Student: 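One structure, pasted below without further comment.
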Amino acid sequence: MPTFTPDTIDVTTFLRDHEKKELVRILTCGNVDDGKSTLIGRLFLDAGLIASDALASLEADSKRYGTTGGAIDPALLMDGLQAEREQGITIDVAYRYFFTEKRTFILADVPGHAQYTRNMATAASTCDMAVVLIDATKGVTEQTYRHTAIIALLGIRHVLVTVNKMDLVGYSQAVFDDIRSAFGDCCVRFDFADLHFIPVSALVGDNVVTGSAKMPWYRGGTLMHLLETLNVASDRNLIDFRFPVQIVSRPSADFRGFAGTVASGTVRPGDRIIVFPSKKQTTVRSIETFDGALDEAFAGQAVTLTLTDEIDISRGDVLAHPQNVPTLDDACEAMIVWMGEEPLVDGNTYLLRLGRTETLATVDAIRYELDVQTHHRKQSTQLPLNGIGRCSLTFHQRIAFDSYAKNRTTGAFVLIDRVTNATVGAGMVLDRREENSQGRWQMEPRSKTLRKEESRVESKDREKQWKQRPATLLFTGFSGSGKSTIAHELERKLFAQGHVAVVLDAENARLGLNRDLGFSTEERAENVRRIMEVAKLLNDAGIIALCALVAPTEEMRSHAKELVDSDRFLLIHCSAPLDVCRKRHPKELYRQAHTENVPGISSVYETPQKPDLVLDTERDAAEQCAEKVEELLRTNGILIEK
Amino acid sequence: MSSYSLTHLEQLEAESIEIYREVAATFRRPVLMYSIGKDSSVLLHLARKAFHPGKIPFPLLHIDTTYKFREMIAFRDSFARDQLKLDLIVYTNEDGVRKGISPFTHGSAAYTDIMKTDALKQAITKNGFDCAIGGARRDEERSRAKERIFSFRDAHHRWDPKNQRPELWRLWNTRIHDGESMRVFPLSNWTELDIWHYIHLEKIPVVPLYFAAKRPIVHRKGALIMVDDDRLPLEPGETPEMRLVRFRTLGCYPLTGAVDSAATTIPEILEELLAAKTSERRDRLIDSDQVASMEQKKRDGYF
């Protein structure tokens, strides 16, 4: 059905309808011989995008060049790729433009050859929907898994799995069902909003634009029907307002505006907003456009905001609502698709572009390389061209970002080689806060079949033998406040009296148990959690654990208390002014505060609100402090009088 | 209550505006290549939108080959220069003028090379432009379909289609070294239909040559060529006929063919375009000529 014929519809009516259509970006991928050209050709042919005079010539061409024994070969409509391949020209992504009665489309066609991952990721980064082509005669292949994993990684939520060449398998429902279940298993781990399977014959035309009489068992829509009707507008994030400032507009002394595209959410004049990274607050005065001021701006609109206060804002800053803010940090965890000819190696520094921010970023560690076919994680210290891996990055300044899962704009970045200026990597920020902080404290064990084995030694027998009840003491305070010294002094005293106590020192733990952790707030939390798990094991064995940790936030300390059991937990605050700690600290720590994230200086340290004991480590010597703690242990009945 | 959705033209418009702002934010000395045609009109309109209420923060560059239609030059001067008061640079390859380069004596290929391509490179180098914004669209022809929105040029203005930077999300890589430059195409994702539809909706002024009128025409190699001035050499006994025509694209008058048309309004142009679109698409998509010529080339020893 042609979308426009002057005889049946007048142009003004057509334009009025056409004007309202939304634009949908789709990606098509498949192996060379799966019939992708045929499918796209068929889509255009049956959608009436080819004129009748062109059809006549297609019939002639089909006889001359076609592979169909004289019948119409829709693949011939999609020339180009074949011809250019013969000339040795690399096609990475070919874009095609078409419209139907319902929508307009940009189709990014990714050919299936060597540079696959790079091209797939490039095309997928801007697409709403993906058409994955499977050859019914071959079934699900390794490539299919690879395509799908990349589609999922890049955040496409609508997937149309088109099982082609059904005519060659006798339109068999069994063949289709097998492919569907094999493929379905691999998709369980992905968060697709739509996953449709369509049995088609692109060559004959079944279920591409028109339905098929040969597959009455299939009750779903045709490929075109799904392309025209799946709801992609709901993918847009209209909740978290983020406005990366692209350029400051200052045409005259009395106008100062901040131009950019709303990345997500909505904003209105009068809204209170907070600026990142400065965290200054102000109010939106107006939303300016060439076509007049707006009452509201939403995701996708390019606008200019004016604000009520003259605060310093520049390109790369991010505006948000104060009650819903992005992460502000100098580090992140991300999945990276590597596109550089030279492999990505631990410790390399690149220019990072995230939103409209630019900063240097160092890849501290490649945690693993992902095999997208099997989903196995491979330990690796480098990522080759087209490799995908999880990495931890440090930025050379603090920037505002979100996880890619939440925000496809403020959670995506590219890495640029500083010498060649080549784009060498594409990254997607992972939601580390959920995974590492809150999540791990409360996470259920992965294995569902575990059962706790009980000790054969009674705890009352341990108490009698060692004259103590188990406890965990958490010594918190700035680095250099004396936590470790006091803990060791106490350990010596207790040992001399026949008690059993063990010091767990955070820095020591970083040499072994926690050697994979950095110093961001999230990693500090994980450091605390693991040491608390060890303390708990010691307590279960009747031993007193003396834990010397910065544990900078109340949240960490309350999680720690909960983990080891609040009855056995004592919080000791080693208090000393920061400048005293700075002088006392033997290591270069405080001098590196700008890079190292030091609590109290470049990151937060929350003073404990309800410690069981406060030690003034500026006034009292370590031995005196240890005595005070020993006294606390006696009054709490942890040390039992002989 | 807003539905929080954008139409396809609103989406394309927002994307183009974002591209423009990125250019202004990241290049030292950008320039807008203004060729006076319909795409340039849309390009200019979008630039005004991108920087409102400010002015367009870079100059316009017109490469004047001296054979442009007179109506184009008149439109350029009255609209872009006088009405919008834009900073307009007109550049001509004076060396070519001195040598008397014309499409009649040197052939269209050499003429285009010297008066257009060379002139553009000279203008970019002379003015120290590090970024040239153009109106090319991916749906125009195949080599453009794979061109990036931010397309890198080396110090010799060369494009290396095999070695393009991957372009993900809207995180355009704008980094260049001294002497290198960038070509930027804000209309990459627009189609010809989108351009005319947008001109219609936004009431954007275009050169009157796009509308049908009686014009003096001669036939040259099957094309309808307008006799725009007396430099066009007439064959002995040849007289231009007054014919109702319009132009679908605009360039140098001796090299630009007119089409028979009675379309005098934009909806009429759109109607013509929509009816013709399929055939035009066919030319691009079926292209059996190209397959044939490829085979021919191979037979002739190509490769």
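Every chain is numbered from 1 and lettered A, B, ... according to where its sequence line falls, protein lines coming before strand lines. All values reported here derive from a predicted model rather than from experimental measurement.
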Student: Does any heavy atom of chain B fall under 4.5 Å from the side chain of Leu15(A), the backbone, both, or neither of them?
Tutor: both
Student: Which bit of Glu358(A) comes within less than 4.5 Å of chain B, counting heavy atoms only: side chain, backbone, both or neither?
Tutor: side chain
Student: Quick one: which of Leu23(A), Asn421(A), Thr122(A) has the most heavy-atom pairs under 4.5 Å with chain B, could you say?
Tutor: Asn421(A)
Student: Side chains of Thr423(A) and Asn173(B): do they bring a donor and an acceptor to under 3.5 Å?
Tutor: yes
Student: Under 4.5 Å from any heavy atom of chain B, what part of Arg353(A) do you find: side chain, backbone, both or neither?
Tutor: both
Student: Hey, is the main chain of Glu22(B) close enough, under 3.5 Å, to the side chain of Arg356(A) for a donor-acceptor pair?
Tutor: no
Student: Run the salt bridge (Lys or Arg N to Asp or Glu O under 4.0 Å) test on Arg25(A) and Glu15(B) for me, step by step, so that the C-alpha distance in whole Å, both residues' side-chain angles and the decisive distance to 0.1 Å come before the verdict.
Tutor: CA-CA 13 Å; Arg25(A) 297 179 194 236; Glu15(B) 181 182 77; 3.3 Å; yes
Student: Side chain, backbone, both or neither: which part of Trp172(B) has an atom under 4.5 Å from a heavy atom of chain A?
Tutor: both
Student: Search all heavy atoms of Phe413(A) against all heavy atoms of Leu352(A) and return the closest pair with its distance.
Tutor: CD1-CD1, 3.6 Å
Student: Which one wins on heavy-atom pair count under 4.5 Å against chain B: Gln246(A), Met339(A), Glu22(A), His18(A)?
Tutor: Gln246(A)
Student: Strictly distance-based, threshold 3.5 Å: is any side-chain N or O of Asn407(A) a donor or acceptor partner for the main-chain N or O of Gly411(A)?
Tutor: no
Student: Which region of Glu288(A), side chain (C-beta onward) or backbone (N, CA, C, O), has a non-hydrogen atom less than 4.5 Å from a non-hydrogen atom of chain B, or is it both or neither?
Tutor: neither
Student: What part of Ala121(A) gets within 4.5 angstrom of chain B, counting heavy atoms only: side chain, backbone, both, or neither?
Tutor: both
Student: Is Val419(A) in contact with chain B via its backbone, its side chain, both, or neither, using a 4.5 Å heavy-atom distance?
Tutor: backbone
Student: Based on non-hydrogen pairs under 4.5 Å, which of Leu12(B), Thr26(B), Leu201(B), Asp194(B) is most in contact with chain A?
Tutor: Leu201(B)
Student: Consider only side-chain N and O atoms of His45(B) and Glu202(B), and report whether a donor and an acceptor are under 3.5 Å apart.
Tutor: yes
Student: Where does Val303(A) contact chain B at under 4.5 Å (heavy atoms): side chain, backbone, both or neither?
Tutor: backbone
Student: With distance as the sole test, does Arg153(B) use its side chain to make a donor-acceptor pair with the main-chain N or O of Arg183(B) at under 3.5 Å?
Tutor: no
Student: Please state whether the side chain, the backbone, both or neither of His200(B) comes within less than 4.5 Å of a heavy atom of chain A.
Tutor: side chain
Student: In terms of heavy-atom proximity below 4.5 Å to chain B, should Ala233(A) be classed as side chain, backbone, both, or neither?
Tutor: neither
Student: Chain A: which of Asn189(B), Ile176(B), Thr7(B), Leu9(B) shares the most heavy-atom pairs with it under 4.5 Å?
Tutor: Asn189(B)
Student: Between Thr289(A) and chain B, which part of the residue has a heavy atom less than 4.5 Å away: side chain, backbone, both or neither?
Tutor: backbone
Student: Counting N and O atoms only, with roles assigned by atom type, does the side chain of Thr304(A) sit under 3.5 Å from a partner on the main chain of Phe258(A), one being a donor and the other an acceptor?
Tutor: no
Student: Are the side chain of Asp109(A) and the backbone of Ala94(A) linked by a donor-acceptor contact shorter than 3.5 Å?
Tutor: no
Student: Under 4.5 Å from any heavy atom of chain B, what part of Thr409(A) do you find: side chain, backbone, both or neither?
Tutor: neither
Student: Examine whether an atom of Arg103(A) lies under 4.5 Å from a heavy atom of chain B, and if so say whether it belongs to the side chain, the backbone or both; otherwise answer neither.
Tutor: neither
Student: Using heavy-atom distances under 4.5 Å, tell me whether Tyr95(A) contacts chain B through its side chain, its backbone, both, or neither.
Tutor: both
Student: Please work out which of the three classes, parallel, tilted or perpendicular, describes the rings of Tyr404(A) and Trp169(B), given edges at 30° and 60°.
Tutor: perpendicular
Student: Measure across Ile149(B) and Ser188(B) and return the closest heavy-atom pair with its distance rounded to 0.1 Å.
Tutor: CG1-OG, 3.6 Å
Student: Looking at Gln164(B), Glu167(B), Arg21(B), which has the largest count of heavy-atom pairs under 4.5 Å with chain A?
Tutor: Arg21(B)
Student: Tell me which of these, Ala24(B), Gly54(B), Pro57(B), Pro53(B), has more heavy-atom pairs under 4.5 Å with chain A than the rest.
Tutor: Pro53(B)
Student: Got a salt bridge between Asp235(A) and Arg408(A), using NZ or NE/NH1/NH2 to carboxylate O under 4.0 Å?
Tutor: no
Student: Please classify the contact between Thr265(B) and chain A as side chain, backbone, both or neither, with a heavy-atom cut-off of under 4.5 Å.
Tutor: neither
Student: Which bit of Asp295(A) is near chain B, if near means a heavy-atom gap under 4.5 Å: side chain, backbone, both or neither?
Tutor: neither
Student: Can you say whether Arg250(A) sits under 4.5 Å from chain B via the side chain, the backbone, both, or neither, judging by heavy atoms?
Tutor: neither
Student: Tell me if a side-chain donor or acceptor on Glu271(B) pairs with a main-chain N or O of Pro267(B) at a distance below 3.5 Å.
Tutor: no
Student: Specify which of Lys55(B), Arg165(B), Glu18(B) makes the most heavy-atom pairs with chain A at under 4.5 Å.
Tutor: Glu18(B)
Student: Decide, yes or no, whether a salt bridge links Arg138(B) with Glu147(B) under the criterion of side-chain N to carboxylate O below 4.0 Å.
Tutor: no
